[in-house]
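Taking it in order: structure first as structure tokens, then the write-up.
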Amino acid sequence: MSDGGAQPALSPLPDGPVGVMDSGVGGLSVLRHLRAELPAEDCLYFADQAHIPYGPRPAEQVFAFTAAITRFLLARHTKLVVVACNTATTAALDRLRQTFPDLPFVGMEPAVKPAAAQTRSGVVGVLATPGTLSSDRYASLMARFAANVRVLEDPCLGLVQLIEAGASQSAETRTLLERAVAPMLAAGADTLVLGCTHYPFIRPLLEEIAGPDVTIIDPAPAVARHTRNVLQQRGRLAPETRAGVLRCYTTGDAARMAALTADLLGVGCPVRAVRWQDRP
Ligand code: DGL
């Protein structure tokens, strides 16, 4: 993989940046909480838009992409990587930890545990990608935490692409969401889990459709707090006197990513294009 610059050695540095990766703009919904929780940290955001969506891809392929992205981030001395993607976490996180034992990783998974703990009706809806819903990690979450609740799932096919196209508030997105959550609401679901990091961007629409009595859970704030704890435990928090810098990379179109980032994050940020090579 190359952004046209020199490729430095692969090693984390205690004062290096926090790396954040996703298949596209979804991880920005995590990045905004990371930047609020850790304003002094430099962040490198990596969007693999050449390969989006990850959701329907085999786990082996998602692992190969995320391992290559990790090498790219490590070459920039990233001190911790947040896998801001449920699909990549379920497909690859264990192997990433084995492959890069010196680098701390923080992952994301559908918030089934808090949803099961707080539902009053005993019915929970999970919106996540096909890759996440069919993973062993998700099956294990269900077995451990959801034995006593009814969980209805929907893979929301096409929703990630609509969000990437900047159509989060469109009529097409509303129709897709209404179809996905109608059976959940009809079954009495009072809690909906955003099990894909793209989905917090359709939260306003989902709130309108689900109504005020339904709780929507986004695990991103908890992930940001967990990231702070991991950095603190390792003595790697940046001094609070400084303001962190954000840089973005995309394997897709840099100008488009810059426009989407400004729109979704509310702040502009430099975006560099990165090319996949035969051997990343
Ligand atoms: N944002 C990713 C997630 O959290 C998935 C998007 C995709 O399918 O690429 O699952």
Side-chain angles (χ1 to χ4, degrees), residues 19-34 45-70 81-94 96 105-112 115 125-139 141-142 153-168 173 176-177 180 192-203 206 216-224 226-227 248-253 256-257 260-261 264-265 276:
V20 184
M21 68 161 92
D22 181 45
S23 56
V25 297
L28 296 176
S29 71
V30 183
L31 182 71
R32 62 186 176 187
H33 291 284
L34 284 168
Y45 185 84
F46 195 106
D48 188 12
Q49 290 173 309
H51 293 132
I52 198 165
Y54 277 5
R57 293 179 184 275
E60 188 59 37
Q61 196 179 40
V62 174
F63 168 69
F65 294 154
T66 53
I69 295 165
T70 301
V81 169
V82 179
V83 182
C85 174
N86 294 260
T87 311
T89 297
T90 52
L93 187 64
D94 292 343
L96 288 173
F105 285 91
V106 173
M108 311 274 312
E109 53 192 17
V112 169
V126 176
L127 308 177
T129 69
T132 297
L133 294 174
S134 62
S135 67
D136 292 345
R137 208 179 172 101
Y138 182 73
L141 269 181
M142 293 290 290
E153 294 140 356
D154 195 283
C156 299
L157 297 178
L159 185 53
V160 164
Q161 290 91 325
L162 283 168
I163 294 165
E164 288 283 324
S168 302
T173 301
L176 191 153
L177 270 179
L192 297 177
V193 173
L194 301 176
C196 168
T197 54
H198 279 74
Y199 300 168
F201 295 122
I202 49 85
R203 185 176 184 142
L206 194 57
I216 298 172
I217 305 186
D218 172 10
V223 166
H226 180 57
T227 304
C248 292
Y249 297 92
T250 177
T251 57
D253 183 286
R256 214 182 133 54
M257 178 67 191
L260 267 176
T261 304
L264 296 174
L265 217 51
W276 280 96

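Start at 1 and go down the list; that is how both ligands and their atoms are numbered.
- With 3.5 Å as the limit, one finds a donor-acceptor pair spanning the side chains of Q49 and T250.
- Side-chain contact annotation: Y54 with D22, donor-acceptor N/O pair under 3.5 Å absent.
- In this model, no donor atom of one side chain and acceptor atom of the other lie less than 3.5 Å apart for T132 and S135.
- Annotation: ligand 1 has protein neighbours D22, S23, I52, P53, Y54, G55, C85, N86, T87, T129, V160, C196, T197, H198, each with a heavy atom less than 4.0 angstrom from the ligand.
- For the side chain to side chain donor-acceptor pair (under 3.5 Å) with R137, the qualifying choice from N86, T90, T89, D94 is D94, the only one to do so.
- Checking S29 against T197 by side-chain atom types alone, no donor-acceptor pair falls below 3.5 Å.
- A111 meets the side chain to side chain contact (heavy atoms under 4.5 Å, CB included) test with P114, V193, I217, P219; sequence neighbours excluded.
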